[in-house]
Visitor: 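Below is the structure I would like to discuss, written out as structure tokens.
Quantities reported herein were computed from a predicted structural model and do not represent experimental measurements.
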Amino acid sequence: MRSSRPTSGCRRARLGGRLARARKPVDRLAVTDLSADRVRQFLNELEEKRGCAISTRSQRLGAIHGLAKFISLHAPELVEWCGQVRTVPFKKGPRELVTYLEKPEMDALLAAPDPTTAQGRRDHAVLQFLYNAGARAGEAAQVRIADLNLPHVPERDLASVVIRGKGNKQRLCPLWASTANELLLLIGDRLASEHVFLNRRGQPLTRFGIHALVERYATKVTPRFPSMAKKRVSPHTIRHTTATHLLRSGTDINTIRGWLGHVCLSTTNIYADVDLEMKAKALANCEIKEEKPKKGWRDDKGLMEFLRRL
């Protein structure tokens, strides 16, 4: 039975275009054979021959830069080669606009799960948690019951959750009373060490499962909101939606930065650029309105009638 795994000859053929210039077999390549010029040629080939986007080119170059840095740390004699490779610049491309959902679209997405089934209630809790906390899919997947602070009366006492973001940085996020009530029903009397969101088999829900969940309900809602067909709805779209809606409500940008767990304020400032509704309101405030010509006193019929009666 033939193996579906590619042979060494096939792998060499795949890499042949890049290795032909070195005139060496794969097992005899040296680090210095990967020169800065060959890196540029490889990146140009990605764009011109393979039709890859600038973002793909940047990802590949980032990996090469990372490899060069790693090698220089473990082989000081190659520091000069590392410097040459890392001078290959990233190519700037057009920045894509942040995608977010309008309030009616978000409300429809939250209402999509069936509340009469256990899975529907779990899915609604996941969607509401993502919208409430502005959490990434991976952050929501790793939340444990011990991370929740759910009072017995959420309408009276503030509920919150500890979210672990990138670099294991923690942030405290407040929860709405409705979100807290959903989570209280979801976790029941389970152990504090367990994950909050579980799949059908009782295993922790993964970030891939959360992605599939969001996409499934977005597809269900799209026929009612044709505008959503042009948007790629994902957990990160809901994160953008949270930030945009917070900004519209008058929340200051620094609070939103802490809410989302951004390190730099410049990252959060992108939401000030994408919100068309706030731009329209700002434009309306500075709109130049035509002044109506003032009427002369002789054109005031009431005044003229009063003067005639004197």
Visitor: Could you tell me whether Glu45 and Lys49 make a salt bridge, using a distance below 4.0 angstrom between a side-chain N and a carboxylate O?
Guide: no
Visitor: Applying a strict under-4.5 Å side-chain criterion to I, L, V, M, F, W and Y, I'd like to know whether Trp259 and Ile163 cluster together.
Guide: no
Visitor: To the nearest 0.5 Å, how far apart are NE2 in His65 and CZ in Phe90?
Guide: 5.0 Å
Visitor: Would you indicate whether the side-chain heavy atoms of Ile145 and Leu191 approach each other to under 4.5 Å?
Guide: no
Visitor: Could you tell me which non-hydrogen atom of Lys166 sits nearest to which non-hydrogen atom of Arg136, and how far apart they are?
Guide: CE-NE, 3.7 Å
Visitor: Return yes if some donor-acceptor pair links the side-chain N/O of Ser72 with the main-chain N/O of Val79 below 3.5 Å, else return no.
Guide: no
Visitor: Considering all heavy atoms of both residues, which atom of Leu186 and which atom of Val196 are nearest to each other, and what is their separation?
Guide: CD2-O, 3.8 Å
Visitor: Tell me whether Asp147 is salt-bridged to Arg144, with the criterion being a basic N under 4.0 Å from an acidic carboxylate O.
Guide: no
Visitor: Do you know the tightest heavy-atom contact between Leu175 and Asn132?
Guide: CA-OD1, 3.3 Å
Visitor: Under 4.0 Å between a side-chain nitrogen and a carboxylate oxygen: does that hold for Glu139 and Arg207?
Guide: no
Visitor: Minimum heavy-atom separation for Leu127 to Pro113, with atom names?
Guide: CD1-CG, 3.8 Å
Visitor: Going by heavy atoms in the side chains, are Leu46 and Arg60 under 4.5 Å from each other?
Guide: yes
Visitor: Enter the distance from Glu182:CD to Leu150:CG here, rounded to the nearest 0.5 Å.
Guide: 12.0 Å
Visitor: How far apart are the closest heavy atoms of Asp123 and Arg216, and which atoms are they?
Guide: OD2-NH2, 3.4 Å
Visitor: Taking the side chain as every heavy atom from C-beta outward, state whether Thr241 and Thr99 have any atom pair closer than 4.5 Å.
Guide: no
Visitor: Please answer: with hydrophobic residues joined when any side-chain heavy atoms are less than 4.5 Å apart, are Leu205 and Ile238 in the same cluster?
Guide: yes
Visitor: Partners of Thr116 by side chain to side chain donor-acceptor pair (under 3.5 Å), sequence neighbours excluded?
Guide: Asp114
Visitor: Atom CD in Glu102, atom OG1 in Thr244: separation rounded to 0.5 Å?
Guide: 8.5 Å
Visitor: Could you measure the distance from the CG atom of Leu110 to the CG atom of Asp107? Nearest 0.5 Å is fine.
Guide: 6.5 Å
Visitor: If you define the side chain from C-beta out and look only at heavy atoms, does anything of Asn181 sit under 4.5 Å from Glu155?
Guide: yes
Visitor: Residues two or more places apart in sequence or in another chain: which of them pass side chain to side chain donor-acceptor pair (under 3.5 Å) with Arg200?
Guide: Gln119
Visitor: Asp157: what forms a side-chain contact (heavy atoms from CB on, under 4.5 Å) with it, not counting sequence neighbours?
Guide: Pro151
Visitor: Applying a strict under-4.5 Å side-chain criterion to I, L, V, M, F, W and Y, I'd like to know whether Leu43 and Trp81 cluster together.
Guide: yes
Visitor: Determine whether Cys82 and Ile71 make a side-chain contact, defined as any pair of heavy atoms from C-beta on separated by less than 4.5 Å.
Guide: no
Visitor: Would you indicate whether the side-chain heavy atoms of Ser58 and Ile54 approach each other to under 4.5 Å?
Guide: yes
Visitor: Take Glu80 and Gln84 through the test side-chain contact (heavy atoms from CB on, under 4.5 Å) and record every step on the way to the result.
Guide: CA-CA 6 Å; Glu80 183 181 356; Gln84 292 174 355; 3.7 Å; yes
Visitor: How many angstroms lie between atom OG1 of Thr242 and atom CG of Leu130, to the nearest 0.5 angstrom?
Guide: 8.0 Å
Visitor: Please report the C-alpha distance between Lys91 and Glu47 in whole Å, then the side-chain angles of each, then the deciding distance to 0.1 Å, and finally whether the side-chain contact (heavy atoms from CB on, under 4.5 Å) criterion is met.
Guide: CA-CA 11 Å; Lys91 187 174 182 180; Glu47 276 194 273; 3.2 Å; yes
Visitor: Which residue pairs pass the ring pair (Phe, Tyr, Trp, His ring centres under 6.0 Å) test when at least one of the two sits in residues 186-232, sequence neighbours left out?
Guide: Phe129-Phe197
Visitor: Show your reasoning for whether side-chain contact (heavy atoms from CB on, under 4.5 Å) applies to Leu213 and Arg122.
Guide: CA-CA 10 Å; Leu213 184 154; Arg122 193 262 339 244; 4.0 Å; yes
Visitor: With side chains defined as the heavy atoms from C-beta onward, is the minimum distance between Ile187 and Glu194 less than 4.5 Å?
Guide: no
Visitor: Taking the side chain as every heavy atom from C-beta outward, state whether Asn254 and Arg257 have any pair of such atoms under 4.5 Å apart.
Guide: yes
Visitor: Considering residues, nucleotides and ligands other than Lys220, do more than 12 of their heavy atoms fall under 6.0 Å from its NZ?
Guide: yes
Visitor: How close do Val85 and Ala68 get, heavy atom to heavy atom, and via which atoms?
Guide: CG1-CB, 4.1 Å
Visitor: Are Val39 and Leu78 in one and the same hydrophobic cluster, where Ile, Leu, Val, Met, Phe, Trp and Tyr link if side-chain heavy atoms are under 4.5 Å apart?
Guide: yes
Visitor: Out of curiosity, His262 NE2 to Ile256 CD1, how far, rounded to the nearest 0.5 Å?
Guide: 10.0 Å
Visitor: Scan residues 130-174 for pairs that pass ring pair (Phe, Tyr, Trp, His ring centres under 6.0 Å), counting only residues two or more places apart or in two chains.
Guide: Tyr131-Trp176, Tyr131-His245
Visitor: Main chain of Gln170, side chain of Arg164: is a donor-acceptor contact present, judged purely on distance under 3.5 Å?
Guide: no
Visitor: Just distance, no hydrogens or angles: give the donor-acceptor pairs under 3.5 Å from side chains in residues 226-235, sequence neighbours left out.
Guide:
from: Ser227; atom 1: OG; to: Glu105; atom 2: OE2; distance (Å): 2.4
from: Lys231; atom 1: NZ; to: Tyr100; atom 2: O; distance (Å): 3.0
from: Lys231; atom 1: NZ; to: Glu105; atom 2: OE1; distance (Å): 2.8
from: Ser234; atom 1: OG; to: His236; atom 2: N; distance (Å): 3.4
from: Ser234; atom 1: OG; to: Thr237; atom 2: N; distance (Å): 3.4
from: Ser234; atom 1: OG; to: Thr237; atom 2: OG1; distance (Å): 3.3

Visitor: Is there a chain of hydrophobic side chains (I, L, V, M, F, W, Y, each step under 4.5 Å between heavy atoms) that links Val31 to Phe42?
Guide: yes
Visitor: Could you tell me whether the side chain of Thr222 and the main chain of Ala218 form a donor-acceptor pair under 3.5 Å?
Guide: yes
Visitor: Using the rule given for side-chain contact (heavy atoms from CB on, under 4.5 Å), can you reason through Arg190 versus Leu198, listing the C-alpha separation, both sets of side-chain angles and the distance that settles it, and then say yes or no?
Guide: CA-CA 11 Å; Arg190 290 194 280 132; Leu198 306 177; 3.2 Å; yes
Visitor: Judged by modelled atom types alone, do Thr255 and Asp252 share a side-chain donor-acceptor pair under 3.5 Å?
Guide: yes
Visitor: Kindly say whether Phe70 contributes a backbone atom to a donor-acceptor pair with the side chain of His74 at under 3.5 angstrom?
Guide: yes
